[in-house]
**Q** 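First the structure, then my questions, so here it is.
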Amino acid sequence: MDLEQGAGLKLNRDLIPDSLQAFIPCAEKWGFESLDEQDQFVELMLRERPDEVTAFNDQVDQAHAQIIEWGKSLTEFDKNRDDFEERDWNHPYWAFLATLKVREATGQADAAEFSDARARMSAEAGLYRFNEALSQAVMHFQRQEYREYVTLMDSYQDLMSPAQKKKYDFATRKITSETG
């Protein structure tokens with residue numbers, strides 16, 4: 001992993017407030033989409049470049065309130081996550097939010113607190129993956145491609161709403177009736 005590059009994101013600067021423009025390089029380096037890659041990067045940085053981690057923590061601490069305020073001002077996110085489109089998920093705000101989560105992990109001396117931060121990040125990543133799978137699965141369901149629908153949604157049954165569970169059960173019955 002390239003410790004200079006980090007996440008290697010290229011964020012759309014036009015969507016980022018002027019007050020956070022100076023923070024963009026930090027978000028592009030530390031704002032990982034993949035939790036596994038983020039964890040690997042953080043572990044390496046803590047071991048090999050602790051001074052840079054301290055500088056990162058200081059930068060995040062200075063920008064924290066502005067990032068939170070920016071998030072509150074993003075009215076395009078005032079909708080159900082099921083209604084998010086690809087452009088919503090690709091918004092640079094998520095990279096900035098990821099830096100806040102990394103800050104929780106890099107700033108904690110207590111292993112239990114680090115574990116809690118990681119658990120929260122993992123849950124958020126799982127929800128993101130669920131929403132991605134759901135958007136693809138809906139298309140398969142509409143095309144009556146029930147096997148593909150069930151394959152995509154099978155590992156997310158615990159996150160499904162009652163209506164989504166009924167849809168999943170219907171698709172499973174359709175597959176069973178096709179093969180039975």
**Q** Calculate, to the nearest 0.5 Å, the distance between atoms CD and OG belonging to Q40 and S34 respectively.
**A**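 Separation between the atoms: 9.0 Å.
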
**Q** Please report the shortest heavy-atom distance between L9 and A27, naming the atom on each side.
**A**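 That closest heavy-atom pairing would be CD1-O, 3.9 Å.
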
**Q** Nearest 0.5 angstrom please: Q66 CD to S73 OG, how far?
**A** 12.0 Å

**Q** For A7 and F32, which heavy atoms make the closest approach, and how far apart are they?
**A** N-CZ, 3.2 Å

**Q** Only counting residues at least two apart or in another chain, list the ones meeting side-chain hydrogen bond (donor to acceptor under 3.5 Å, both in side chains) with E145.
**A**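 For E145, the residues satisfying side-chain hydrogen bond (donor to acceptor under 3.5 Å, both in side chains) (neighbours in sequence not counted) are H140, R143.
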
**Q** Are any of the side-chain heavy atoms of V42 and V53 separated by less than 4.5 Å?
**A** no

**Q** For residues I16 and W70, determine if any side-chain heavy atom of one lies less than 4.5 Å from a side-chain heavy atom of the other.
**A** yes

**Q** Within a strict 4.5 Å, meaning less than it, do heavy atoms of the F96 and I24 side chains meet?
**A** yes

**Q** Show the nearest heavy-atom pair for residues F23 and I67, with the distance to one decimal.
**A**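 In this case the closest contact between F23 and I67 is CE2-CD1, 3.8 Å.
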
**Q** Give every residue pair that meets the salt bridge (Lys or Arg N to Asp or Glu O under 4.0 Å) criterion with at least one member in residues 47-57, sequence neighbours excluded.
**A**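 Of all non-adjacent pairs touching residues 47-57, those that pass salt bridge (Lys or Arg N to Asp or Glu O under 4.0 Å) are E4-R49, K29-E52, E43-R47, R49-E52.
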
**Q** Counting C-beta onward and ignoring hydrogens, is there a side-chain heavy-atom pair between M45 and W30 closer than 4.5 Å?
**A** yes

**Q** Within the structure provided, determine whether E33 and W94 are in side-chain contact (heavy-atom separation under 4.5 Å).
**A**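 No, side chains not in contact.
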
**Q** So do Y146 and Q144 actually touch side chain to side chain, heavy atoms under 4.5 Å?
**A**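 Side chain of Q144 against side chain of Y146, heavy atoms only: contact under 4.5 Å found.
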
**Q** Decide whether L100 and L46 are clustered together by the hydrophobic rule: side chain heavy atoms of Ile, Leu, Val, Met, Phe, Trp, Tyr closer than 4.5 Å, transitively.
**A** yes

**Q** Cut-off 3.5 Å, no hydrogens considered: what does the side-chain donor-acceptor table look like for residues 131-138, sequence neighbours left out?
**A**
residue, atom, partner, partner atom, Å
N131, ND2, L127, O, 3.1
S135, OG, E132, O, 2.9

**Q** Rounded to the nearest 0.5 Å, what separates atom CD in Q38 from atom NZ in K101?
**A**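 Atom-to-atom, Q38:CD and K101:NZ are 10.5 Å apart.
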
**Q** Find the distance between CG (D36) and CZ (F41) and round it off to the nearest 0.5 Å.
**A** 15.0 Å

**Q** Give me the atom names and distance for the closest heavy-atom approach of Q164 to Y149.
**A**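 Smallest heavy-atom distance, with atoms named: O-OH, 3.9 Å.
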
**Q** Rounded at 0.5 Å granularity, tell me how far CD in E69 sits from CG in L20.
**A** 10.5 Å

**Q** In chain order, what residues pass the side-chain hydrogen bond (donor to acceptor under 3.5 Å, both in side chains) check against Q157, with sequence neighbours excluded?
**A** D154, Y168

**Q** For K167, give me all partners under side-chain hydrogen bond (donor to acceptor under 3.5 Å, both in side chains), at least two apart in sequence or on another chain.
**A**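 With sequence neighbours excluded, K167 shows a side-chain hydrogen bond (donor to acceptor under 3.5 Å, both in side chains) to no residue whatsoever.
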
**Q** Do L15 and L74 sit in the same hydrophobic cluster, where Ile, Leu, Val, Met, Phe, Trp and Tyr count as joined when their side-chain heavy atoms come under 4.5 Å apart?
**A** no

**Q** Do F170 and M153 sit in one hydrophobic cluster, given that two such residues count as connected whenever their side-chain heavy atoms are within less than 4.5 Å of each other, even indirectly?
**A** yes

**Q** Quick one: does H64's side chain get under 4.5 Å of I68's, heavy atoms only?
**A** yes

**Q** So, the side chain of Q21 versus the backbone of R13: is there a donor-acceptor pair under 3.5 Å, distance only?
**A** yes

**Q** Applying side-chain hydrogen bond (donor to acceptor under 3.5 Å, both in side chains), name anything that partners N57, two or more places apart in sequence or on another chain.
**A**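 Residues passing side-chain hydrogen bond (donor to acceptor under 3.5 Å, both in side chains) with N57: T106.
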
**Q** Taking the side chain as everything from C-beta on, heavy atoms only, tell me whether T99 gets closer than 4.5 Å to F56.
**A** yes

